[in-house]
Structures are given as structure tokens and as C-alpha cells.
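Below is one structure, written out as C-alpha cells, with a few remarks after it.
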Amino acid sequence: MGNYTREQIIHMVEEEDVEFIRLQFTDMFGVLKNIAVPVSRLMKAMNNECTINASFIPGLDLEGDSDLFLHPDLSTFTILPWRPQQGKVARFICDLYHMDGTSCQNSPRTVLQRVVQRAREMGYELMVNPECEFFLFHTDENGMPTNVTHEKAGYMDTTPLDLGENARRDIILTLEEMGYDIDSSRHELAPAQHEIDFLYSDTQETADKIMTFKVAARTVAKRHGLHATFMPKPSANVDGSGMHIHMRLMKNGKNVFYDANDPMGLSVQAYQFIAGLMCHIKGMSALLNPLVNSYKRLITGFEAPFDITWSSCQRSAMIRVPYQRGEETTIELRSPDGAANPYLAFALCLAAGLHGIENQMQPPADVHVDVRKMSAEDKKKAGIDSLPANLSEALTELEKDEFIQNVLGKPLACSYVREKRREWESYMEQISEWELNRYLYCM
């Protein structure tokens, strides 16, 4: 992200013939919202004078103040390369404030900022590198999304098998034009499934990038006659899309997860951080896996984890510690999916890890076998617990976890549970094609 001054932004707007400014923010579900103002209102926007009616934005109007002020983060200024080149469009990502000048505590970006500030008070900073998986499907004759693909490509395949390679390349070029650093990309396990990985950066910058990346991916895909979806499990009988979160905890410029004197090369803080994640992962799941559909990815027979384990040698574990050590020592959480609100996901991961450090928690022994091949009885004997089986169970776990509720803020947590309960109830009211095929004729 750029470290721009107001004067630099005004100069860029004039030089690039920008005509519209988008002021963006995110609701509690991770949906990007915005208002657009003409460039003549740029100074008004940068003076924090633009307002929104938050009464229709999920999770924001919880403090009796429906009018919120948009405070643009100047470092997020960028010109959107997919918009017209004559009369260009630029954007800011904004923080939300009340009329009295206090920040909106229910804004997901503010939730993350609170946790980041707490980490700084302890001397820590979390660096993250998400694996962003998504599908590229065909659209129908009306340009509407489908879950249809004609390709047969698999893991790391290339053209001509990988029919989405050109779209994936153009997504990356678009992101690079916006100043984003991309680490790598590839075709993933399932047909039409892709992955683009960023370089490590701090949690807020990475969350901002993910929100922009999703818009860029959908926009570029549409130009190729495709639809990019971050739905966790859009097709049966193939692997779903996750958002594995790779984490490095820094203190005074050093990675505190590493200890050369430990047999596994891990520090006391690394073990404690893992323990904190494992302690709160059930309550976190309602946010990390926020859809009814999310739990159709977390089932046996596929790559996504559903048991609460950690390992330095088993890739199937929920928490994996890759082999690299030294400054590259990493803790990877593999359960989140791309539907998660990245601001809330990173806030919860950091808060849970710090809770483990503060309370000197100890994780169970790391697993050395593929738990997916263990029987339920063997797992029970080994004390291996599982993630919630569905969204309703995850919401119940969130309601039981006071710590996670306090990280979110009780008003936001209550609003989130209430809205997601409605989503679950709506799902339960539906009769699926599977049920009709299974029961209609024989019962």
C-alpha cells in the first residue's frame, strides 16, 4: 500500500484524469460496500465529511447512531484498473466514525485494529500470508453464474488442461498494476479451482488486499466469460476452496515462533499460540466458516481438516507447522474458507493466539499420523476433538465462548449470531433435490 499525503493524492487524481472516488467499507459478513462521489468532492471525502446511513448495513447500526462518517485511509488510495481509462475511478478503504468523533466499534476493520493495538502493547505484530482459493465457472447465455466447467485440470496442471490460466494471469496482472505483490499462483486440486497467494504483510493491509482481490477476480473473470466464486463448496464430490492462513508473530523485527534450542525448532510462544487457537477454534468457526455451505467442505474424504489437531509433519492437520525454521517459521491454520470476513478472521486468530501466550496454555501432543484414517473410537481414545459439524453447532460454540464474543464486542457478536441463526433456519426450511430423490418414492 502507498504511504500517500493528501497533496500526492490530489496530484495523482489530476494527472490520471480521475472523475469518481469510491469510498469502501465492509459489513460484518465480509461484503464490500461503497458510495461513489465525483472528484469535485475529493476534499470533502478526505476531510472525513462524507456520511452513510448504516441502518441497512448488517452489524453496523448497533449503537443507536445510523449516520456514520467515512474516514478514508489515505494509504489505501488506488486507481481501479478495470474501470474506464477516460474518466477513471479511484477508491479509498474507510474506517467508520460516529458524529461525536468516536470510532464505530462494530466495524470489522475497527475490531481488527483493537486486537492489533493490544498486540502492540505486548510488543507483537502478526504477519499473515493467506492462500486464496476460488473457482472459475462458466456463465450462462444471460451472463449469470453457474457451477459448470468443461475443464479436467488438476493440481498444478497447465494449459491446455487449465482453461482458466489466462483469466488467472490477468487477475494477477491487474493486482500488480494496483501495487500488490503476488507470491505465486496455480491450478488447484478440483477442476476449475485456482489459488493466488500474497506475500506476507500485516493483518490490516492483508485484509484490505483480500477485499480488493475478490472484486478484481470477479471483474476480470467476467471479461473472460467466467464467474469467480469464493463459495467454499460449489460442487459435490470435489475439494472445496479454503483460505489457509499462514502466520508469523514478530517482536522487535524477529520471528518469535522460532527457537533453535527446541527439538522441533519452536519457541514457547509458538506452542502457546497454537494452544490458544485450539482452545477457541470451535467458537471461531462461526466466523472462519460462516456459511451453511462452509461445513460441506469440512467433511471426511477431502483435503479440508475437520479434527482439531496440530502437526509439524502431517499436512492433514488443522494447524500445520511447515518445515521451514528460522525467520520463516510459520503456523498455518487450514480450516478457514474464502467466505470469511478477513478482518474478523485475522482479529480472532491473533486474539486467540495471544490469549494462549498470556495464559501460558499448552497444546496437546502433535499428531504424527493422518487423523483422517483414524476411526472415531481411536480419535476418542486419543482425545482428538472435531470442529462443529454445521453452522448451527458453530453458532452454539460461539455463544459459549465469552472470550471470542468479547473480541468481537458483545453487540456485534449478538447481531452476528442472530442473523446467522436466521440463515440456518431458512436453510432448514428448504427441501433439497437429494431428499426428494432419497425419500419421496420409498417412504
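Note that the coordinates shown come from a computational prediction; the quantities given were computed from them, not determined experimentally. Computed from heavy atoms alone, side chains included, the values below leave out hydrogens, waters and symmetry copies.
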Is it true that [X] and [Y] have a side-chain N and a carboxylate O under 4.0 angstrom from each other?
X: Arg248; Y: Glu125; result: no
X: Glu332; Y: Arg315; result: no
X: Glu423; Y: Lys420; result: yes
X: Lys380; Y: Glu377; result: no
X: Arg422; Y: Glu425; result: no

Q: Could you check whether the rings of His355 and His280 sit parallel, tilted or perpendicular, using 30° and 60° as the cut-offs?
A: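 Geometry flag for His280 against His355: tilted rings.
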Q: For the residue pair Trp424 and Tyr427, categorise the inter-ring angle as parallel (less than 30°), tilted (30 to 60°) or perpendicular (more than 60°).
A: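 Answer is tilted, since the angle falls between 30° and 60°.
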Q. Does any donor atom in the side chain of His246 or Glu131 lie under 3.5 Å from an acceptor atom in the other side chain?
A.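 Side chains of His246 and Glu131: pair found under 3.5 Å.
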Q) Do Ser241 and Gln193 meet the criterion of a side-chain donor-acceptor pair at a distance under 3.5 Å? A)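 Their side chains do contain a donor-acceptor pair, which is all the 3.5 Å distance test asks for.
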[X] side chain to [Y] main-chain N or O, any donor-acceptor pair under 3.5 Å?
X: Arg91; Y: Thr76; value: yes
X: Lys282; Y: Ile308; value: no
X: Asn390; Y: Ser392; value: yes

Q | side chain to side chain contact (heavy atoms under 4.5 Å, CB included) involving Gln204 - partner list, sequence neighbours excluded | A |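 Applying side chain to side chain contact (heavy atoms under 4.5 Å, CB included) to Gln204 gives Asp73, Arg109, Leu112, Gln113, Asp202, Asp208.
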Q: Go through the structure and list residues passing side chain to side chain contact (heavy atoms under 4.5 Å, CB included) with Ala382, not counting sequence neighbours.
A: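 In terms of side chain to side chain contact (heavy atoms under 4.5 Å, CB included), with neighbours along the sequence ignored, Ala382 is linked to Met374, Ile384.
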**Q.** Sub-4.5 Å side-chain heavy-atom contact between Asp181 and Phe198
**A.**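 No, side chains not in contact.
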Q: Evaluate the side-chain proximity of Arg114 to Val111: yes if any heavy-atom separation is below 4.5 Å, no if none is.
A: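 Result yes, sub-4.5 Å side-chain heavy-atom pair found.
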Q.
Taking side-chain hydrogen bond (donor to acceptor under 3.5 Å, both in side chains) as the cut-off, I'd like each qualifying pair that reaches into residues 138-150, sequence neighbours left out, listed once.
A.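 Listed by first then second residue: nothing to list.
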Compile the donor-acceptor pairs under 3.5 Å between side chains in residues 219-231 and protein atoms, sequence neighbours left out, one pair per line.
residue	atom	partner	partner atom	Å
Thr219	OG1	Val215	O	2.8
Arg223	NH2	Trp82	O	2.5
His224	NE2	Asp170	OD2	2.8
Thr229	OG1	Met231	N	3.1

**Q.** Pair Phe213 and Tyr180, ring centroids less than 6.0 Å apart
**A.**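 So the answer is no for these two rings.
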(Q) Could you report the tightest heavy-atom contact between Asn293 and Lys233, atom names first, then the distance? (A)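 Scanning both residues completely, I find the closest heavy atoms to be OD1-N, 2.7 Å.
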Q: Check ring pair (Phe, Tyr, Trp, His ring centres under 6.0 Å) between Tyr200 and all other residues, then give those that pass, not counting sequence neighbours.
A: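 Counting only residues at least two positions away or on another chain, Tyr200 forms no ring pair (Phe, Tyr, Trp, His ring centres under 6.0 Å).
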Q.
For Arg421, give me all partners under salt bridge (charged side-chain N to carboxylate O under 4.0 Å, His left out), at least two apart in sequence or on another chain.
A.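 Once residues adjacent in sequence are excluded, the partners of Arg421 under the salt bridge (charged side-chain N to carboxylate O under 4.0 Å, His left out) criterion are Glu399.
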Q.
Counting only heavy atoms from other residues, nucleotides and ligands, does the tally under 6.0 Å from CD of Glu419 exceed 12?
A.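 Yes, the 6.0 Å shell around CD holds more than 12 heavy atoms from other groups.
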Q: Could you check Met122 against Glu358 for side-chain contact (heavy atoms from CB on, under 4.5 Å), going step by step and ending with a plain yes or no?
A: CA-CA 9 Å; Met122 298 173 64; Glu358 286 184 295; 3.4 Å; yes
Q. Can the positive tip of Lys296 be found less than 6.0 Å from the middle of the six-membered ring of Phe302, inside 45° of the ring normal?
A.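 So Lys296 doesn't make the cation-pi contact.
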